[in-house]
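Only this structure's heavy atoms are used, side chains among them; waters, hydrogens and symmetry mates stay out.
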Amino acid sequence: MAAEVRQLESSDGKSKVLASKAEPKPRVQSALRTISIVLAIADSSNGLKVKEILERLGLSRQVTYHLIHTLQSTGIIRKNENNRYVLGLAAATIAEGFRRQLAPPEHLAPRVRAIVAATGETAYAGGWVDGEIVALATAPGASPVGAAQIPQGYSGYAHARASGKLLLAYADPAVCKAYLEEHPLEARTPHTITNSEKLMQEFEKIRARGYSLDEEEFHEGLRCLAVPVAGLGGRFALGISVPRERFEANFERYLEALLSAARVDSGRV
């Protein structure tokens with residue numbers, strides 16, 4: 001269509017009208033840039049300054065200020081006392097809608113609660129959603145000193161999480177390869193596996209023993225254990241997150257509780 005428009009431009013003088021109908025690219029580009037700003041701010045630890053947004057996204061100063069002003073007017077972002085742009089209150093509506101619409105499958109939540117009841121530790125379930133490895137259900141532990149919960153919907157650093165490594169290990173090789181091509185092996189802690197060959201070796205160990213470990217790879221001071229939910233083709237995992245001080249002493253008990261919750265008939269509790 002674009003070639004046809006260029007040909008008409010040189011022959012009948014109607015270039016302006018035809019080009020405007022054939023090339024809606026600027027609007028699409030503006031929407032992509034706007035969304036990119038929101039995602040960059042959401043992905044930051046404490047917000048971004050304008051200069052940081054410019055550097056991350058490669059946008060011009062004029063375009064960036066225009067889009068930031070638009071986002072501020074909707075309440076999606078705001079400027080805090082440190083002159084950093086952070087998510088605004090309106091973003092909470094999106095977050096809440098995401099959690100509500102990402103309701104975990106019925107068989108997962110009871111299993112997660114059963115793990116907490118059996119161990120007293122923070123438990124979670126994860127699975128594949130639209131090509132991402134996502135935390136689908138979480139429940140806090142009952143111990144006075146427990147692990148922090150991964151929020152529902154979290155999908156980062158799968159290669160550093162017990163459930164993420166397990167789901168990648170059991171995935172179709174082509175799916176695993178495509179995922180890793182899109183997600184760099186960035187270090188979350190000094191213990192994170194960032195070498196692809198070593199990660200493949202880790203996947204072999206996971207498949208051989210039937211469970212996955214996070215040895216302070218995602219969060220220093222915390223160790224995690226994950227197993228696949230039986231009968232579901234390795235698409236869902238159950239996990240537990242524990243302070244390292246009590247992980248080794250209770251490992252067998254934790255593994256038994258996870259395997260029990262992962263049984264085919266366990267979801268009926």
Side-chain angles (χ1 to χ4, degrees), residues 45 95 99 102 104-105 107-129 132-170 183 185-194 199 202-203 205-206 209-230 232 234-263 266-267 269:
S45 57
R99 283 192 293 269
L102 193 69
H107 61 87
L108 291 180
R111 296 171 192 262
V112 172
R113 292 194 293 269
I115 295 168
V116 176
T119 65
E121 305 292 357
T122 297
Y124 57 90
W128 287 97
V129 177
E132 294 290 336
I133 294 174
V134 180
L136 296 172
T138 63
S143 301
V145 179
Q149 282 181 262
I150 291 177
Q152 184 181 345
Y154 183 83
S155 62
Y157 294 93
H159 66 285
R161 295 184 283 136
S163 59
K165 290 192 294 181
L166 184 136
L167 292 169
L168 286 168
Y170 280 96
H183 299 78
L185 301 182
E186 298 176 350
R188 170 83 180 192
T189 76
H191 307 286
T192 306
I193 299 174
T194 56
L199 189 61
E202 178 76 359
F203 291 164
K205 293 179 183 177
I206 291 169
R209 66 194 178 199
Y211 63 82
S212 174
L213 294 170
D214 160 8
E215 314 230 38
E216 300 185 54
E217 298 160 54
F218 182 73
H219 193 294
E220 289 194 83
L222 294 180
R223 299 185 66 184
C224 301
L225 171 65
V227 302
V229 178
L232 296 175
R235 289 194 59 81
F236 297 97
L238 296 175
I240 190 172
S241 184
V242 185
R244 64 184 170 201
E245 292 78 11
R246 59 176 181 262
F247 186 84
E248 285 295 339
N250 296 284
F251 174 79
E252 294 298 331
R253 182 168 66 89
Y254 295 151
L255 180 58
E256 182 181 352
L258 282 172
L259 291 174
S260 176
R263 291 198 314 265
S266 176
V269 297

Main-chain N/O of Arg263 paired to Arg111 side chain as donor or acceptor, under 3.5 Å: yes

Reported CD-to-OG1 distance for the pair Glu186 and Thr194, which is rounded to 0.5 angstrom: 10.5 Å

CA sep, side-chain torsions, deciding dist, call: Glu202, His159, side chain to side chain donor-acceptor pair (under 3.5 Å): CA-CA 10 Å; Glu202 178 76 359; His159 66 285; over 6 Å; no

Nearest heavy atoms of Leu167 and Gly234, plus distance in Å: CD2-O, 3.2 Å

Closest approach of Leu166 to Ala226 (non-hydrogen atoms, all atoms of both residues): CD1-O, 3.3 Å

Check: Glu220 main-chain N/O paired with Arg244 side-chain donor or acceptor under 3.5 Å: no

Ile240 and Thr122: CA distance, side-chain angles, deciding distance, side chain to side chain contact (heavy atoms under 4.5 Å, CB included) verdict: CA-CA 6 Å; Ile240 190 172; Thr122 297; over 6 Å; no

Arg223 side, atom CZ; Arg246 side, atom CZ - distance, nearest 0.5 Å: 13.5 Å

Parallel, tilted or perpendicular, as decided by the 30° and 60° cut-offs, for the rings of Tyr157 and Phe218: perpendicular

Beyond-backbone contact of Leu185 with Thr192, side-chain heavy atoms, under 4.5 angstrom: no

Glu121 vs Phe247 side-chain heavy atoms within contact, under 4.5 Å: no

Arg188 and Glu217, any side-chain heavy atoms less than 4.5 Å apart: no

For the student: nearest non-hydrogen atoms of Ala139 and Val112, plus distance: CB-CG1, 3.6 Å

Leu168 side, atom CG; Trp128 side, atom CH2 - distance, nearest 0.5 Å: 5.0 Å

Non-hydrogen atoms of Gly127 and Leu136 that approach each other most closely: N-CD1, 3.7 Å

Over all atoms of both residues, closest heavy-atom pair of Ile115 and Ala257: CG1-O, 4.4 Å

Side-chain (Ser212) to main-chain (Ala162) donor-acceptor, under 3.5 angstrom: yes

Derivation and outcome, side chain to side chain contact (heavy atoms under 4.5 Å, CB included), residues Leu238 and Val229: CA-CA 7 Å; Leu238 296 175; Val229 178; 3.8 Å; yes

Separation of Leu258 CG from Arg253 CZ (nearest 0.5 Å): 11.0 Å

Pair Tyr211 and Phe251, ring centroids less than 6.0 Å apart: yes

Side chain to side chain contact (heavy atoms under 4.5 Å, CB included) between Asp214 and Leu222, intermediate numbers included: CA-CA 8 Å; Asp214 160 8; Leu222 294 180; over 6 Å; no

Spacing of OH belonging to Tyr254 relative to OG belonging to Ser241, to within rounding of 0.5 Å: 10.0 Å

Audit row: His191, Glu216, side chain to side chain contact (heavy atoms under 4.5 Å, CB included) steps and yes/no: CA-CA 6 Å; His191 307 286; Glu216 300 185 54; 3.8 Å; yes

Distance in Å, Glu215 CD paired with Cys224 SG, rounded so as to fall on 0.5 Å steps: 10.5 Å

